[in-house]
Amino acid sequence: MCCQHQHNPVDWYPWGEEALQKARQENKPILLSIGYSACHWCHVMEHESFGNEGVARLMNEHFVPIKLDREERPDIDQIYMDAIQAMGLQGGWPLNVFLTPAQKPFYGGTYFPRQQWEQLLQNIADAWAKNRPALEESSEKFADALSASDVERFRLQQHPLQITRLKLEHLFSSFQKKFDTKRGGLQGAPKFPMPSHWQFLLHLQLASGEQKSVGSGRTHPAGNGLGRTLRPAGRRLCPLLGRC
């Protein structure tokens, strides 16, 4: 998804220490925009707003813009989706959230038409310059609500988490049924990769103690499933990269 936005005039940063440190040093709010490849309104907002020079100038001047793919970091997506809903706003994608430099949310929303987005950017920039303490106080309240665990929020009974080899194998057995043995990946469409799926397979093979090459047919079945996915992907990427 980041490649999709690489030609935008918006100075996008990935989620990471560089962007977070820039926000702290420059005392700028963070504008976190979360989407995914198959999201229709993400593409519309990119075309209408993120590709517009005037809008990009506002975003770059007053904010630290961060672009995040929810398929790569579903954990961060869930945190800020919960935040938007805690504000009484409707969640969805693209998810656009305004954060303090301490990463605490104080406002957000989903898709905004270009004129409405420009006005919102200007309003928040003005509020940050003139009434920052109020925004920070608001963000603290949302942060307190979000910091409560699901056990506290939903009054669940807590049990100690015990992950055993047997549980992992049961999980893999269910996962294995979804493998596409002909084309790689998982069965059905769309076939957008979910990195967390393949990381699970890599960790499971590592835990099995079988260190032969992934997909060789002599490894844990998790490695074979991963190999069937990576080989077709590699054949498609090699011509694009010009090397392998």
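If you read the sequence from its start, that first residue is 1, and numbering goes on from there. Any value given below was found using the heavy atoms of this structure, including those in side chains, with hydrogens, waters and symmetry copies removed. On a predicted model such as this, the values are computed, not experimentally measured, just so you know.
- In this model, no donor atom of one side chain and acceptor atom of the other lie less than 3.5 Å apart for Asn27 and Trp128.
- For the atom pair Ile84 CD1 and Ile79 CD1, the distance stands at 13.5 Å (nearest 0.5 Å).
- Between Glu71 atom CD and Tyr36 atom OH the span is 8.0 Å, to the nearest 0.5 Å.
- In plain terms, the two heavy atoms of His62 and Ala125 that are nearest each other are CG-CB, 3.6 Å.
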*Under the side-chain hydrogen bond (donor to acceptor under 3.5 Å, both in side chains) criterion, do Glu48 and Tyr111 qualify, and how do the steps go?*
CA-CA 11 Å; Glu48 292 180 348; Tyr111 164 76; 2.7 Å; yes
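- Here the shortest heavy-atom pairing between Tyr80 and Leu99 reads CE2-CD2, 3.4 Å.
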*Between Thr164 and Lys167, is a side-chain contact (heavy atoms from CB on, under 4.5 Å) present by the stated rule, with each step listed?*
CA-CA 5 Å; Thr164 65; Lys167 287 181 179 179; 3.3 Å; yes
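- The main-chain N or O of Glu61 is found under 3.5 Å from a side-chain atom of Lys28 such that the two form a donor-acceptor pair.
- Between Trp41 atom CH2 and Trp93 atom CH2 the span is 16.0 Å, to the nearest 0.5 Å.
- Heavy-atom neighbours of Gln115 CD from other residues, nucleotides or ligands within 6.0 Å: at or below the threshold of 12.
- More than 12 heavy-atom neighbours from other residues, nucleotides or ligands sit within 6.0 angstrom of CD on Glu26.
- In plain terms, the two heavy atoms of Trp15 and Gln103 that are nearest each other are CZ2-OE1, 3.7 Å.
- Contact between Met45 and Phe112 at its shortest, heavy atoms only, is SD-N, 3.8 Å.
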*Residue pair Leu68, Ile76: steps toward the side-chain contact (heavy atoms from CB on, under 4.5 Å) verdict*: CA-CA 9 Å; Leu68 183 75; Ile76 296 175; 3.5 Å; yes
*Please assess Ser33 against Phe50 for the test side-chain contact (heavy atoms from CB on, under 4.5 Å), listing each intermediate value before the final yes or no.*
CA-CA 10 Å; Ser33 182; Phe50 301 152; 3.8 Å; yes
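- Here the shortest heavy-atom pairing between Pro105 and Val97 reads CB-CG1, 3.8 Å.
- Note that the CZ atom of Arg132 and the OG atom of Ser139 stand 9.5 Å from one another [nearest 0.5 Å].
- Minimum interatomic distance between Cys42 and Gly35 (heavy atoms only, all atoms of both residues): SG-CA, 3.7 Å.
- Using a 4.0 Å cut-off between charged nitrogen and carboxylate oxygen, Glu136 and Lys141 do not count as a salt-bridge pair.
- Taking CZ of Phe98 as the reference point, atom CG of Leu32 lies at 10.5 Å (rounded to 0.5 Å).
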_Would Leu20 and Ile30 count as a side-chain contact (heavy atoms from CB on, under 4.5 Å) here? Give the steps._
CA-CA 8 Å; Leu20 302 179; Ile30 296 166; 3.7 Å; yes
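- Remark: side-chain polar atoms of Asn60 are paired, donor with acceptor, to backbone N or O of Asp11 under 3.5 angstrom.
- Between the side chain of Ser173 and the backbone N or O of His170, no donor-acceptor pair lies under 3.5 Å.
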*asked:* Between Glu137 and Lys104, does the salt bridge (Lys or Arg N to Asp or Glu O under 4.0 Å) criterion hold? Intermediate values first, please.
replied: CA-CA 10 Å; Glu137 182 181 355; Lys104 296 177 180 179; over 6 Å; no
*Where do Arg114 and Glu118 land on the salt bridge (Lys or Arg N to Asp or Glu O under 4.0 Å) test, with the steps shown first?*
CA-CA 6 Å; Arg114 183 168 67 86; Glu118 280 186 288; 3.2 Å; yes
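- With Asn8 contributing its side chain and Val10 its backbone, the two residues share no donor-acceptor pair below 3.5 Å.
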